[in-house]
Asker: 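Next up is a structure, given as structure tokens.
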Amino acid sequence: MATRIFSIANQKGGSGKTTLTMNLAAGLNKRGRTLVIDADPQGSASQWSGSADEQNPFPVSVISVSGNLTHEVNRFSNDYEYVVIDCPPTLETENTTKAMVAADTILIPVLPSPVDLWASIRLANTIEQIKQIKPDLRAHLIVNQLEPRSALSRAMKDALEEFDIPALTTSLRRRAIYRNVAIEGSSVYCAGKVAQPAVDEIEQIIEEVL
Amino acid sequence: MSIADKLTKSVRQAKESSTGESENMASATAPQDTPAKPATDTPQSKPSASKPKAKSKDSKRLEPEAPLPPLPTRRVWPD
Ligand SMILES: Nc1ncnc2c1ncn2[C@@H]1O[C@H](COP(=O)(O)OP(=O)(O)OP(=O)(O)O)[C@@H](O)[C@H]1O
Ligand SMILES: [Mg+2]
């Protein structure tokens with residue numbers, strides 16, 4: 001069984017890495033055993049799963065890694081079909097680079113805002129470098145907190161074409177449910193009918209990346 | 001100019017000004033760790049919520065100690 005490793009990265013803070021990590025992991029877990037590695041010293045993914053009550057635990061194990069990420073990925077990945085790594089908002093730590101080198105697929109959530117786009121250029125350059133040692137690495141930008149009625153959101157499609165990294169056709173819309181499930185320590189998959197549009201988004205993302 | 005054009009233009013400019021100022025990745029990809037520390041040695045991970053089983057047999061695809069070719073050094077363009 002070949003483990004698929006997804007690293008969710010962007011050195012820009014608040015772009016939606018943890019939100020994507022946790023919901024993506026919940027969706028992947030329906031297809032095969034999944035592990036979340038929390039590589040961010042802020043510990044948001046761990047706190048997210050720790051917010052669940054005992055009767056209703058987050059469906060995916062979350063381990064927090066502060067040591068050598070490569071060792072930990074090697075150690076755990078044999079037991080899992082999918083591993084999702086939540087990266088810290090920096091390119092300056094070794095574990096961010098290690099997470100990207102370990103990945104089969106890097107997903108880069110980016111907010112529909114010029115400042116966030118500009119900041120992602122540096123990450124895109126870094127990924128191009130990693131591709132030189134790992135040519136089959138896949139990387140995708142993914143627009144998060146899309147607001148279809150906003151002009152900037154609509155302008156994203158063209159702007160993203162300036163990047164060498166392709167964007168997924170599916171975006172995550174700005175939805176209150178993504179915030180609410182964090183406090184419950186759950187995912188959009190466990191949030192009932194109101195979360196169905198969010199589930200559909202995550203499912204489409206999974207279809208695109210698998 | 002429309003917002004879409006402005007945004008696209010700004011990204012293009014940011015891209016151009018970032019040329020040559022790429023990350024030095026060699027430090028993180030080169031084998032700088034002290035070699036052959038067994039995975040089961042000191043615990044480096046704090047399992048949260050539920051604890052996954054540790055198993056270190058035949059770590060396949062990732063070879064932390066395997067030397068990776070160095071990345072190209074930063075390019076400096078003449079003025
Ligand atoms: N699609 C969305 N709709 C609504 N709120 C969202 C969405 N995605 C993320 N958020 C909210 O935006 C904030 C930042 O998201 P998140 O913590 O996932 O980003 P991050 O990239 O992990 O941040 P950091 O860089 O600090 O690790 C959070 O409050 C989160 O609940
Ligand atoms: Mg985070």
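Letters A, B, ... are given to chains in the order of the sequence lines, protein chains preceding strands, and every chain is numbered from 1.
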Asker: What is the minimum heavy-atom distance between B:V11 and A:I121, and which atoms define it?
Answerer: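 Heavy atoms only, the tightest pair is O-CD1, 3.6 Å.
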Asker: Just jot down the side chain to side chain donor-acceptor pair (under 3.5 Å) partners of A:E162, sequence neighbours excluded, or say none.
Answerer: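 Checked A:E162 against side chain to side chain donor-acceptor pair (under 3.5 Å); matches are B:R12.
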Asker: Between A:A155 and B:A4, which heavy-atom pair has the shortest distance, and what is it?
Answerer: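 Nearest pair, atom of A:A155 first, then B:A4: CB-CA, 3.4 Å.
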Asker: I'd like to know whether A:E161 forms a side chain to side chain contact (heavy atoms under 4.5 Å, CB included) with B:T8, so could you lay out the CA-CA distance, the side-chain angles of the two residues, the decisive distance to 0.1 Å, and finally the verdict.
Answerer: CA-CA 8 Å; A:E161 281 174 9; B:T8 303; over 6 Å; no
Asker: Check whether A:P114 gets within reach of chain B through its side chain, its backbone, both or neither, counting any heavy atom under 4.5 Å.
Answerer: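 Contact with chain B: backbone and side chain both.
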Asker: Would you indicate whether the side-chain heavy atoms of A:D158 and B:L7 approach each other to under 4.5 Å?
Answerer: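 Side chain of B:L7 against side chain of A:D158, heavy atoms only: no contact under 4.5 Å found.
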Asker: Mind checking the CH2-CD spacing from A:W118 to B:Q13? Nearest 0.5 Å is all I need.
Answerer: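 Going from CH2 on A:W118 over to CD on B:Q13, the span is 9.0 Å.
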Asker: Tell me, do B:I3 and A:R154 make a side-chain contact under 4.5 Å, heavy atoms counted?
Answerer: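 The answer is no; the side chains never approach within 4.5 Å.
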Asker: Which salt bridge (Lys or Arg N to Asp or Glu O under 4.0 Å) pairs, counting each pair once, include a residue from residues 56-68 of chain A, with sequence neighbours left out?
Answerer: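 Checked against salt bridge (Lys or Arg N to Asp or Glu O under 4.0 Å) - neighbours excluded - no pair reaches residues 56-68 of chain A.
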Asker: Around A:K157, counting heavy atoms of other residues, nucleotides and ligands shown, do more than 12 lie under 6.0 Å from its NZ?
Answerer: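 At most 12 heavy atoms, drawn from other residues, nucleotides or ligands, come within 6.0 Å of this atom.
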Asker: Chain B heavy atoms under 4.5 Å from A:L152: which part of the residue, side chain, backbone, both or neither?
Answerer: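 When you check distances to chain B, atoms from both the backbone and side chain of A:L152 fall under 4.5 Å.
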